[in-house]
**Q** 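Dumping the structure here so I can ask a few things about it.
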There are 2 protein chains.
Amino acid sequence: MRIAELSRRSDVPVPTIKYYLREGLLPAGERTGPNQASYDDGHLRRLRLIRALIDVGGLPVAKVRDVLDAIDTAADEPLHEMLGVVAKSIGRTTSGEGESFAEARATVDEMVQRHGWHVDQGNPHRDELAGVLVGLDQLGHSELSKHFDVYFDAAQRIAREDLDYVSKLGGLEAILEGVVIGTILGEAAFAAIRRMAHVDASARLFRERGLTQ
Amino acid sequence: MRIAELSRRSDVPVPTIKYYLREGLLPAGERTGPNQASYDDGHLRRLRLIRALIDVGGLPVAKVRDVLDAIDTAADEPLHEMLGVVAKSIGRTTSGEGESFAEARATVDEMVQRHGWHVDQGNPHRDELAGVLVGLDQLGHSELSKHFDVYFDAAQRIAREDLDYVSKLGGLEAILEGVVIGTILGEAAFAAIRRMAHVDASARLFRERGLTQ
DNA sequence: CGATAGTAGATAGCACCACTATCCACACCT
DNA sequence: AGGTGTGGATAGTGGTGCTATCTACTATCG
């Protein structure tokens with residue numbers, strides 16, 4: 001198909017598709033002439049993934065490129081490392097520094113250790129969590145992190161469920177794509193669900209308690 | 001204290017503080033002269049909250065203002081509605097339209113119903129979740145949403161834990177602030193933890209499975 | 001065949017966001 | 001008295017995510 005059809009089927013304007021091509025989010029079409037190229041269903045699929053990551057996941061364009069690059073390069077890695085490669089590409093680079101950060105980072109390491117998780121030291125999510133801990137500390141809410149064991153257990157249950165789904169997909173490429181979708185869209189979904197749970201829980205708590213202060 | 005000290009103690013540049021004042025994120029200091037004002041610990045606290053929401057939570061400035069406004073106005077509401085007001089202010093306005101969205105929205109309503117949650121129809125998180133469902137559907141991963149019951153259960157457990165923490169804080173203002181912090185920073189924390197859980201789970205799954213495929 | 005529409009590729013422009021810089025008249029401090 | 005700081009106003013900056021325009025060419029249709 002040509003670019004106009006790709007645009008119509010993906011509901012992405014032609015100039016935007018060209019922009020994604022320039023930015024390396026979308027691979028070039030197969031050249032059929034000096035100023036002609038044709039695109040296939042792979043392009044359409046990739047384009048829909050891009051839009052989902054941007055619109056639903058809220059990822060910036062540069063991060064989307066990183067994630068897609070990770071999908072494409074991870075296929076050469078051994079299977080048990082592929083997902084790590086993709087997972088790492090998703091994390092946002094929290095620039096941690098200072099004494100309080102190092103302390104928070106140690107707390108994170110201890111938490112991971114305690115739950116017996118296999119997460120390598122260079123994993124960016126450790127630093128990300130440490131960043132949150134620093135923030136909580138500065139707000140005088142470091143106590144909240146004591147409740148994180150519940151978060152770990154919940155996350156573990158969810159992760160098993162996600163992996164269960166993903167591992168049933170056929171083919172490497174599909175699994176990798178599934179991991180990205182499960183991670184990013186799953187995160188957006190869980191965030192919305194969690195906020196609803198907050199509303200429900202507070203309604204429950206304060207209704208039975210009455211309107212006492 | 002004066003603005004220089006506020007800047008030093010919060011580690012936010014003076015021009016940025018002035019910007020937040022202009023944007024209504026931070027209330028004006030108490031005037032002591034035509035071009036003099038003094039700020040107190042409340043301002044410092046508020047400023048730290050602003051930075052945490054922006055840096056850790058990744059919220060845009062406009063959303064931070066909404067959330068802070070919600071904290072300030074919710075204090076006049078009955079307790080069981082306050083948290084709803086705050087919770088609503090956090091959601092991002094997903095502009096849902098079209099047939100597929102309506103269908104997704106109905107699925108969401110059914111899920112909420114099934115779990116017996118009290119979440120009012122106008123709650124923006126319903127639409128947000130519906131938006132994710134639409135995205136999943138377009139990517140051919142609508143099956144993933146069948147696993148969301150696990151998400152609901154996990155979210156419920158986490159919400160109970162969060163509310164347990166928050167309800168022990170003294171004073172209305174502190175509770176409202178705690179809800180915001182718990183929601184936003186808690187979300188960032190959980191996202192990091194969940195991603196680590198993914199890495200751990202995939203390492204586990206594919207290691208025991210071996211390098212098949 | 002020619003008119004019209006579409007195409008790849010390049011360059012420039014635009015709106016928004018989150019600051020950042022500069023300037024002013026005045027105030028504080030020593 | 002004078003150097004630094006202040007509130008308030010206005011303008012500028014760098015980054016992001018497109019969007020518009022242009023050129024030289026190609027496809028398609030009557």
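As the structure is a prediction and not an experimental result, all values here were calculated from the model. Chain naming here is simple, since letters A, B, ... match the order of the sequence lines and numbering starts at 1 in each.
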**Q** Under 4.0 Å between a side-chain nitrogen and a carboxylate oxygen: does that hold for B:Glu5 and B:Arg9?
**A**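 Yes.
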**Q** Hey, could you give me the NE2/NE2 distance between B:His198 and A:His125, rounded to the nearest 0.5 Å?
**A**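 Taking NE2 in B:His198 and NE2 in A:His125, the distance rounds to 10.0 Å.
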**Q** Fit a plane to each ring of B:Phe190 and A:Phe190, take the angle between them on a 0 to 90° scale, and name the class: parallel (under 30°), tilted (30 to 60°) or perpendicular (over 60°).
**A**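 Aromatic pair B:Phe190/A:Phe190 classed parallel.
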**Q** 5' to 3' on DNA chain C, which nucleotides open and close the contacts with chain A (atom under 4.0 Å from a heavy atom)?
**A**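 Endpoints of the contacted stretch of DNA chain C: C:dG6 to C:dT11.
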**Q** Does A:Asp72 come within less than 4.0 Å of A:Arg46, counting only side-chain N to carboxylate O?
**A**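 A salt bridge links A:Asp72 with A:Arg46.
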**Q** For B:Asn35 and A:Arg2, take the nucleotide of DNA chain D holding the closest heavy atom to each; which residue's nucleotide lies nearer the 5' end?
**A**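 It is B:Asn35, whose closest nucleotide lies nearer the 5' terminus.
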**Q** Report yes or no: do B:Arg105 and B:Gln121 form a side-chain donor-acceptor pair below 3.5 Å?
**A**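 Side chains of B:Arg105 and B:Gln121: pair found under 3.5 Å.
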**Q** Using a cut-off of 6.0 Å, state whether more than 12 heavy atoms not belonging to B:Glu99 lie near its atom CD.
**A**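 Counting other residues, nucleotides and ligands, CD of B:Glu99 stays at 12 neighbours or fewer.
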**Q** Strictly below 4.0 Å, N to O, side chains only: are B:Arg126 and B:Asp120 in salt-bridge contact?
**A**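 Between B:Asp120 and B:Arg126 there is no salt bridge, as every charged N stays at least 4.0 Å from the carboxylate O atoms.
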**Q** With a cut-off of 3.5 Å and sequence neighbours excluded, list every side-chain donor-acceptor pair involving residues 12-28 of chain A.
**A**
from    : atom 1 : to      : atom 2 : distance (Å)
A:Tyr20 : OH     : A:Arg51 : NH1    : 2.9
A:Glu23 : OE1    : A:Arg65 : NH1    : 3.4

**Q** Taking the nucleotide of DNA chain C with the closest heavy atom to each, which residue, B:Pro34 or A:Arg22, is nearer the 5' end?
**A**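 By nearest-heavy-atom nucleotide position, the 5'-most residue is A:Arg22.
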**Q** With heavy atoms of chain A within less than 4.0 Å as the criterion, where does contact along DNA chain D begin and end?
**A**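 Here the contact window of chain A covers D:dG17 to D:dA27.
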